[in-house]
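The next block holds one structure in the form of structure tokens; read it before the comments.
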Amino acid sequence: MMKVMVAIDESDGSFYALKWALDNLFTTMDTDGVDSSQENESMVLLVHVQPKFHNYVYPVPVGPGGAVFYPAPVVAESVQKAQEERSASILSRALQMCKDKQVKSESIILNGDPREMICQAAEQMHVNLLIMGSRGLGMLKRTFLGSVSDYCAHHAKTPILIVKPPEEHNKKH
């Protein structure tokens with residue numbers, strides 16, 4: 001069984017990488033219509049990483065020179081819920097793409113630094129191949145902003161394939 005992990009976020013690049021993987025690495029049902037749901041079936045593991053949510057403490061003045069610090073739980077819950085809904089929406093779209101191509105898939109949502117979490121997940125889940133999209137950052141932007149795919153290319157302990165979108169795709173965005 002081949003297990004391929006595709007890192008998914010809201011970017012067009014990650015969905016292009018998933019589409020490329022589905023089109024090029026997986027075969028659909030046999031021509032006679034027999035489903036290949038056997039032990040040797042390949043699958044896609046979709047991984048999405050939410051940045052860690054930090055519940056900040058807000059100062060509230062209570063007279064001259066004094067302040068009370070308290071977390072705003074309503075704000076924290078609202079932000080966390082929105083983040084979870086966004087993640088669910090992203091993965092729902094990716095899972096539907098797999099279903100349309102009749103490719104077995106599972107999804108997982110992780111919390112933390114995407115660079116580290118993707119590398120750890122690929123290793124812990126014993127995937128055969130990690131596939132990531134590329135946003136096409138230039139060298140200067142990549143140096144200052146960092147690149148998840150660049151980091152994973154240097155630190156992942158599993159084979160990695162970085163799928164670059166075609167030139168006309170980059171020019172649109």
Side-chain angles (χ1 to χ4, degrees), residues 1-31 33-53 82-138 141-142 145-173:
M1 176 173 150
M2 183 171 77
K3 193 187 303 184
V4 175
M5 178 180 282
V6 180
I8 294 290
D9 62 15
E10 68 279 348
S11 72
D12 289 341
S14 72
F15 280 95
Y16 181 82
L18 175 59
K19 181 183 180 330
W20 186 93
L22 294 171
D23 290 347
N24 294 284
L25 298 178
F26 296 93
T27 57
T28 56
M29 293 172 85
D30 296 332
T31 52
V34 177
D35 191 359
S36 59
S37 337
Q38 298 156 354
E39 288 298 314
N40 62 353
E41 181 180 343
S42 298
M43 73 166 296
V44 174
L45 180 61
L46 302 164
V47 65
H48 175 73
V49 182
Q50 297 178 145
K52 247 188 188 153
F53 179 75
Q83 195 175 45
E84 289 167 7
E85 288 173 359
R86 184 174 174 193
S87 296
S89 172
I90 289 166
L91 285 173
S92 175
R93 178 179 164 203
L95 286 165
Q96 186 61 50
M97 288 173 67
C98 295
K99 185 178 177 183
D100 291 346
K101 288 285 189 171
Q102 300 174 340
V103 174
K104 182 179 176 186
S105 60
E106 293 178 7
S107 65
I108 184 169
I109 297 175
L110 303 172
N111 292 298
D113 181 341
R115 299 171 301 182
E116 293 171 9
M117 298 307 295
I118 291 168
C119 290
Q120 284 176 14
E123 183 179 357
Q124 290 171 358
M125 297 181 175
H126 306 289
V127 298
N128 302 99
L129 180 64
L130 170 60
I131 298 178
M132 304 183 75
S134 171
R135 289 189 296 165
L137 296 177
K141 282 185 181 177
R142 200 169 43 243
L145 299 176
S147 164
V148 176
S149 58
D150 188 54
Y151 179 92
C152 291
H154 290 93
H155 294 89
K157 293 181 177 158
T158 187
I160 180 169
L161 173 67
I162 299 173
V163 179
K164 295 179 85 172
E167 281 303 312
E168 65 273 5
H169 186 77
N170 282 336
K171 290 178 183 172
K172 286 194 300 188
H173 303 287

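Residue numbers start at 1 and run along the sequence shown. No hydrogens, no waters, no symmetry mates; every other heavy atom, side chains included, goes into these values.
- Within the model, atoms OG of Ser147 and NE2 of His154 stand 10.0 Å from one another, a figure rounded to the nearest 0.5 Å.
- In this structure, Val44 and Leu18 have side chains that are in contact, with non-hydrogen atoms separated by less than 4.5 Å.
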Candidate pair Phe15 and Arg93, rule side chain to side chain contact (heavy atoms under 4.5 Å, CB included), full reasoning: CA-CA 9 Å; Phe15 280 95; Arg93 178 179 164 203; 3.6 Å; yes
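- In this structure, Lys157 NZ and Gln120 CD are separated by 9.5 Å, a value rounded to the nearest 0.5 Å.
- The backbone N or O of Gln83 lies less than 3.5 Å from a partner atom in the side chain of Ser87, making a donor-acceptor pair.
- When every heavy atom of Tyr151 is checked against every heavy atom of Glu116, the shortest pair comes out as OH-CG, 3.8 Å.
- The neighbour count for Lys19 NZ, taken as heavy atoms of other residues, nucleotides or ligands under 6.0 Å away, does not exceed 12.
- For Leu110 against Met117, the heavy-atom pair with the smallest separation is CD1-O, 3.9 Å.
- Residue Leu95 comes nearest to Glu106 through the heavy atom pair CD2-C, 4.3 Å, listed as atom of the first residue, atom of the second, then distance.
- In this structure, OH in Tyr16 is found 12.0 Å from NZ in Lys164, a value given to the nearest 0.5 Å.
- Taking all atoms of both residues into account, the shortest heavy-atom contact from Cys152 to Leu130 is CB-CD2, 4.4 Å.
- One finds the CG atom of Leu25 at 6.5 Å from the CG atom of Leu129 (value rounded to the nearest 0.5 Å).
- Nearest approach of Ile160 to Ser149, heavy atoms of both residues: CD1-O, 4.4 Å.
- Not one N or O on the side chain of Glu10 forms a donor-acceptor pair closer than 3.5 Å with the backbone of Arg86.
- In this structure, Thr158 contributes its side chain and Ala122 its backbone to no donor-acceptor pair below 3.5 Å.
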Yes or no on salt bridge (charged side-chain N to carboxylate O under 4.0 Å, His left out) for Arg115 and Asp150, after CA distance, side-chain angles and deciding distance? CA-CA 9 Å; Arg115 299 171 301 182; Asp150 188 54; over 6 Å; no
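- Distance CD1/Ile118 to CD/Glu123: 14.0 Å, rounded to 0.5 Å.
- Considering Val47, Val148, Asp9 as possible partners of Pro114, the one that fulfils the side chain to side chain contact (heavy atoms under 4.5 Å, CB included) test is Val148.
- Across Ser105 and Cys98, no two heavy atoms sit closer than the pair OG-CB, 3.4 Å.
- For the atom pair Ile131 CD1 and Ile8 CD1, the distance stands at 10.0 Å (nearest 0.5 Å).
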Checking side chain to side chain contact (heavy atoms under 4.5 Å, CB included) for the pair Leu46/His48: CA distance, chi angles, key distance, verdict? CA-CA 7 Å; Leu46 302 164; His48 175 73; over 6 Å; no
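- Side chain of Asn128 to backbone of Lys3: a donor-acceptor contact under 3.5 angstrom is found.
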